[in-house]
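Since this is a predicted model, take the numbers as computed values, not measurements.
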Amino acid sequence: MRIDLDRIEAAFAGTPLAGLPIGYGPSGTVLVAGVEPGRLHEAWQAAEALVPVLGRRPVMVTDDFDDTMRIRPEPQQGPSESEVRQFAEAARASEPWLAYRHYSQDDQVGEGEAENYLRGMAALVSHVELPTSRQSLERALYDRLLADADLHARALGRVRFVTQADYWFTPDSVLLMLVPTSDVRGAAYWVDFWGALTRDYREMLAEVLAQWRDRWDARLVASWGTMLQFQVGRRPAPGDDAWTAAGQLKALAPNLDLSRWEVAVAMTAGDAWFVHNRP
């Protein structure tokens, strides 16, 4: 895949990316250095708007933990277009939610354990007979909150931070990586994520990216190795939609320290999703 740095630089004119150092990145990518960490979202938005022009999808990366993320003097060979298409086709045929499952998804909740999961709100679902599944108990609480605007507002006040960009991790050094495809599934070929270390899991992550893009216009902004950050264009609606989104986010982000009912409450009030999956 030919890399025309002059054409990319010209496209950056008049954007926050204008004048930044640009060069060849790993595996056929282009790297733009010098992005101010506090303006990384602005830089990404500028590059995202240029996808139809450049045919390259952007993702913010860092060299804080990976010394391979550096500008090279010569272009590095990447996968062929046919390889990327095959990767995307395999992703489309995958079943990510059979593999991505939160470790507590099948927990059973016995007598005296409800408060551990409901954070002081167990009295609101005292009608639920125990033992029962954690998912049933949390859904009962979520439905109870949806039926009471005051209770829902109180819960939202505690958890809304998790779907706001202020909650995002910001590394010391930020680079913009332009991958050599505009296809959402194909772009995952270059995404470095702890939750997708093998080829099979990377294909399933690619399918997650495509599903989230189609359903909620969730676009990958940044990949910091153990973290992914998304801009969301269509917030899930309260109820089944938010419950589904929360379950999927928890499955992909086992280190997100909120219960599913809390994430479901937050998802209808924010445009930034945070995925955390670490050793």
Worksheet entry | For Val174 against Pro171, the heavy-atom pair lying closest together | CG2-CG, 3.7 Å

Worksheet item: Just wondering, more than 12 heavy atoms not from Asp257 lying within 6.0 Å of its CG?
Response: no

Item to complete: Report yes if the side chains of Trp190 and Val59 come closer than 4.5 Å at any heavy-atom pair, otherwise no.
Response: no

Worksheet item: Is Asp183 salt-bridged to Arg57, going by a charged N under 4.0 Å from an acidic O?
Response: no

Worksheet entry | Side-chain (Glu262) to main-chain (Val159) donor-acceptor, under 3.5 angstrom | no

Worksheet item: If you round to the nearest 0.5 Å, how far is CG of Leu176 from CD1 of Ile22?
Response: 8.5 Å

Discussion item. Would Gln105 and Lys250 count as a side chain to side chain contact (heavy atoms under 4.5 Å, CB included) here? Give the steps.
Written reply: CA-CA 9 Å; Gln105 183 169 323; Lys250 287 284 292 178; over 6 Å; no

Discussion item. Are Val275 and Leu249 packed together at the side-chain level, in the sense that at least one heavy-atom pair is separated by less than 4.5 angstrom?
Written reply: yes

Item to complete: Output yes when a side-chain donor or acceptor of Ser104 lies under 3.5 Å from a complementary backbone atom of Asp107, and no otherwise.
Response: no

Worksheet item: Of the non-hydrogen atoms in Ala11 and Leu50, which two are nearest, and what is the gap between them?
Response: O-CD1, 3.6 Å

Practice prompt. Show your working on side chain to side chain contact (heavy atoms under 4.5 Å, CB included) between Val32 and Leu175 and close with a plain yes or no.
Written response: CA-CA 6 Å; Val32 181; Leu175 301 96; over 6 Å; no

Discussion item. Minimum heavy-atom separation for Ala218 and Trp273, please, with both atom names.
Written reply: CB-CZ3, 4.2 Å

Fill in: Any donor-acceptor N or O pair under 3.5 Å, side chains Arg134, Gln108
no

Fill in: Distance in Å, Ser182 OG paired with Leu54 CG, rounded so as to fall on 0.5 Å steps
10.5 Å

Practice prompt. Indicate yes or no: at least one non-hydrogen side-chain atom of Arg56 is less than 4.5 angstrom from one of Thr181.
Written response: no

Practice prompt. Could you tell me whether Glu89 and Arg185 have a side-chain N and a carboxylate O separated by less than 4.0 Å?
Written response: no

Item to complete: Would you please indicate if the ring centroids of Trp212 and Phe230 are separated by under 6.0 Å?
Response: yes

Practice prompt. Flag the pair Arg139 and Asp240 as a salt bridge only when some basic side-chain nitrogen lies within less than 4.0 angstrom of an acidic carboxylate oxygen.
Written response: yes

Worksheet item: Taking all non-hydrogen atoms of both residues, which atom of Pro238 and which atom of Thr268 are closest, and how far apart?
Response: N-CG2, 3.6 Å

Worksheet item: Between Arg219 and Asp217, is there a salt bridge with N-O shorter than 4.0 Å?
Response: yes

Worksheet item: Do other residues, nucleotides or ligands put more than 12 heavy atoms under 6.0 Å from the OH atom of Tyr117?
Response: yes

Worksheet item: Would you say the side-chain atoms of Glu83 pair up with the backbone N or O of Ser80, donor to acceptor, closer than 3.5 Å?
Response: yes

Discussion item. Using modelled atom types and a 3.5 Å cut-off, is there a donor and acceptor pairing between side-chain atoms of Glu42 and backbone atoms of Arg39?
Written reply: no

Discussion item. As an exercise, state the distance from OG1 of Thr226 to CG of Asn255, rounded to the nearest 0.5 Å.
Written reply: 8.0 Å

Fill in: With sequence neighbours excluded, residues passing ring-ring contact (aromatic ring centres under 6.0 Å, His included) with Tyr24
none

Worksheet item: Is the ring centre of Trp243 less than 6.0 Å from the ring centre of Trp261?
Response: no

Worksheet item: How many angstroms lie between CD in Glu129 and CD in Glu111, if you round to the nearest 0.5 Å?
Response: 9.5 Å

Practice prompt. Could you please spell out the steps behind the side chain to side chain contact (heavy atoms under 4.5 Å, CB included) verdict for Trp44 and Gln231?
Written response: CA-CA 10 Å; Trp44 174 86; Gln231 173 183 291; 3.3 Å; yes

Fill in: Straight-line distance of Tyr142 OH to Leu146 CG, nearest 0.5 Å
4.5 Å

Item to complete: Decide, yes or no, whether a salt bridge links Glu207 with Arg92 under the criterion of side-chain N to carboxylate O below 4.0 Å.
Response: no

Fill in: Salt-bridge contact Arg70-Asp63 (side-chain N to carboxylate O under 4.0 Å)
no

Worksheet item: Taking C-beta and beyond as the side chain, do Leu252 and Asn277 meet within less than 4.5 Å on heavy atoms?
Response: no

Worksheet item: What do the steps show when you test His102 against Arg260 for side chain to side chain contact (heavy atoms under 4.5 Å, CB included), and what is the final call?
Response: CA-CA 10 Å; His102 194 269; Arg260 183 174 180 178; over 6 Å; no

Worksheet entry | Pair Trp224, Gln229: side-chain N/O donor-acceptor within cut-off below 3.5 Å | yes

Worksheet item: Are Trp216 and Arg235 side-chain neighbours, meaning at least one heavy-atom pair lies under 4.5 Å?
Response: no

Fill in: Within-4.5 Å side-chain heavy-atom neighbours: Val51 and Pro58
yes

Discussion item. Quick one, Val162 and Met267 - any side-chain contact, counting heavy atoms below 4.5 Å?
Written reply: no

Item to complete: Would you name the heavy atoms of Ile3 and Thr29 that are closest together and state the gap between them?
Response: CD1-O, 4.1 Å

Worksheet item: Do the non-hydrogen side-chain atoms of Phe274 and Leu228 ever get within less than 4.5 Å of each other?
Response: no

Item to complete: Determine, for Phe193 and Arg202, whether the Lys NZ or Arg CZ falls below 6.0 Å from the six-membered ring centre while staying within 45 degrees of the axis.
Response: no

Worksheet item: What are the two closest non-hydrogen atoms of Trp194 and Arg278, and how far apart are they?
Response: NE1-C, 3.5 Å

Item to complete: Measure the CZ-CG distance between Arg213 and Leu209 for me, rounded to the nearest 0.5 Å.
Response: 10.0 Å

